[in-house]
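The block underneath contains the structure these notes are about, expressed in C-alpha cells.
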Amino acid sequence: MNKVFFPLLCAGAIALSGCSKTPAAPTLYYQGHASVRITTAENKVIYVDPFAGEGYDMPADLILVTHGHMDHNKVDLITNKNDGCQIITHEQAVVDGVHKTFDLGYVKINAVEAYNKNHDRNKCVGYILTFPNGAQLYLSGDTSTTEQMPTLKE
C-alpha cells in the first residue's frame with residue numbers, strides 16, 4: 001500500500017478554514033484504513049485511530065480514538081510513547097452527550113458528532129484539530145451525515 005505524506009495546507013478537502021503563513025503546517029501521513037499520523041510544526045506526533053499499516057515507530061505525544069470498534073482502536077500498536085503522551089478516546093471526548101474540547105497548546109481538539117446505524121452518537125466521535133498556524137483538520141471517524149455537520153466550518 002502506498003503511503004502518502006503531505007503538509008496540511010489551506011487547500012484540499014481536509015482543511016476547514018484558512019491558515020496564516022506561520023508557523024509551518026503539520027504533515028499528515030496516511031497509515032491505511034482510517035489510521036493517520038500527524039507531525040506538527042513543533043515535532044509533536046499524533047496518531048488517530050491506530051489499526052492499519054506501518055509507521056507507528058515515531059514516539060507518540062497524542063493518540064486519538066474515535067470509537068471502540070477494533071478497526072479504530074489498536075492503541076497497543078504504538079509502543080513508543082513520549083513522556084506525557086495522552087490518549088483521548090470517545091469515552092473522554094463525549095460525556096453525557098456533551099462533546100469535549102482539549103487544548104494541548106500544539107493542537108486544540110474539538111470532539112464533534114459522529115454516528116450512523118452502526119455507531120451510537122454517545123459512543124463515537126469525530127475530531128476537529130486546530131493547529132497554531134490556523135489549519136484545521138476534520139477527522140470524521142465512522143459517521144453518516146450528522147445534524148452538526150452544516151455548522152462545522154463555523
Side-chain angles (χ1 to χ4, degrees), residues 5-10 12-20 22-31 33-52 55-56 58-69 71-78 80-116 119-154:
F5 288 95
F6 59 93
L8 180 57
L9 300 172
C10 298
I14 59 172
L16 289 179
S17 67
C19 312
S20 66
T22 57
T27 301
L28 181 69
Y29 175 75
Y30 177 67
Q31 304 275 125
H33 195 64
S35 306
V36 296
R37 180 182 74 215
I38 301 160
T39 304
T40 71
E42 301 83 6
N43 289 316
K44 299 289 188 178
V45 175
I46 303 167
Y47 291 98
V48 182
D49 280 352
F51 169 68
Y56 294 102
M58 293 182 70
D61 293 287
L62 174 63
I63 303 167
L64 297 173
V65 177
T66 60
H67 64 286
H69 289 174
D71 59 337
H72 291 262
N73 71 356
K74 293 293 183 191
V75 174
D76 59 332
L77 289 174
I78 305 162
N80 196 359
K81 298 175 184 79
N82 285 320
D83 289 339
C85 176
Q86 292 184 267
I87 300 172
I88 300 173
T89 70
H90 58 289
E91 294 165 329
Q92 291 88 37
V94 61
V95 179
D96 296 328
V98 177
H99 291 81
K100 302 296 184 176
T101 298
F102 308 86
D103 192 343
L104 305 183
Y106 61 92
V107 65
K108 182 177 177 184
I109 304 125
N110 290 82
V112 296
E113 293 179 346
Y115 55 84
N116 59 32
H119 298 83
D120 183 293
R121 70 176 57 229
N122 291 309
K123 296 180 181 176
C124 188
V125 297
Y127 295 107
I128 295 177
L129 306 183
T130 304
F131 299 93
N133 74 336
Q136 291 185 298
L137 174 62
Y138 173 46
L139 300 153
S140 64
D142 281 354
T143 191
S144 295
T145 302
T146 69
E147 294 172 20
Q148 188 182 28
M149 282 182 182
T151 67
L152 291 182
K153 188 167 181 172
E154 296 169 10

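- Every residue two or more places apart in sequence or in another chain was checked for a side chain to side chain donor-acceptor pair (under 3.5 Å) with Thr39, and none qualifies.
- In this structure, CD in Gln92 is found 6.5 Å from CZ in Phe102, a value given to the nearest 0.5 Å.
- No side-chain heavy atom of Lys44 sits under 4.5 Å from any side-chain heavy atom of Val107.
- When all heavy atoms are compared, the tightest approach of Arg37 to Gly55 is NH1-O, 2.6 Å.
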### Message
If you apply the rule side-chain contact (heavy atoms from CB on, under 4.5 Å), what do you find for Leu64 with Leu129, and how did you get there?
### Response
CA-CA 11 Å; Leu64 297 173; Leu129 306 183; 3.7 Å; yes

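- Looking only at side-chain heavy atoms (C-beta outward), Asp49 and Val65 come within less than 4.5 Å of each other.
- Tyr127 meets the ring pair (Phe, Tyr, Trp, His ring centres under 6.0 Å) test with no other residue; sequence neighbours excluded.
- By the 4.5 Å heavy-atom criterion applied to side chains, Pro26 and Asn133 are counted as neighbours.
- A pairwise comparison of heavy atoms in Ala111 and His99 identifies O-CB, 3.2 Å as the closest pair.
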(message) Under the criterion side-chain contact (heavy atoms from CB on, under 4.5 Å), I'd like the reasoning laid out for Gln31 against Phe51: C-alpha separation, chi angles, the key distance, then a yes or no.
(response) CA-CA 8 Å; Gln31 304 275 125; Phe51 169 68; over 6 Å; no

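- Atom NZ of residue Lys108 and atom CG of residue Asp103 lie 6.5 Å apart, to the nearest 0.5 angstrom.
- The CD1 atom of Ile78 lies 4.0 Å from the CD1 atom of Ile63; values are rounded to the nearest 0.5 Å.
- Listed here is the closest heavy atom pair of Val45 and Pro59: CB-O, 3.3 Å.
- Note that CG of Leu137 is 11.5 Å distant from CD1 of Ile109, once rounded to the nearest 0.5 Å.
- The nearest pair of heavy atoms linking Tyr47 to Tyr56 is OH-C, 3.4 Å.
- Listed here is the closest heavy atom pair of His90 and Thr66: CB-O, 3.2 Å.
- Within the model, atoms CG of Leu139 and CG of Leu28 stand 8.0 Å from one another, a figure rounded to the nearest 0.5 Å.
- At a threshold of 4.5 Å between non-hydrogen side-chain atoms, the residues Tyr106 and Leu62 count as touching.
- Lys81 NZ: more than 12 foreign heavy atoms inside a 6.0 Å radius.
- Taking CD from Gln86 and CD1 from Ile46, the interatomic distance works out to 10.5 Å, rounded to the nearest 0.5 Å.
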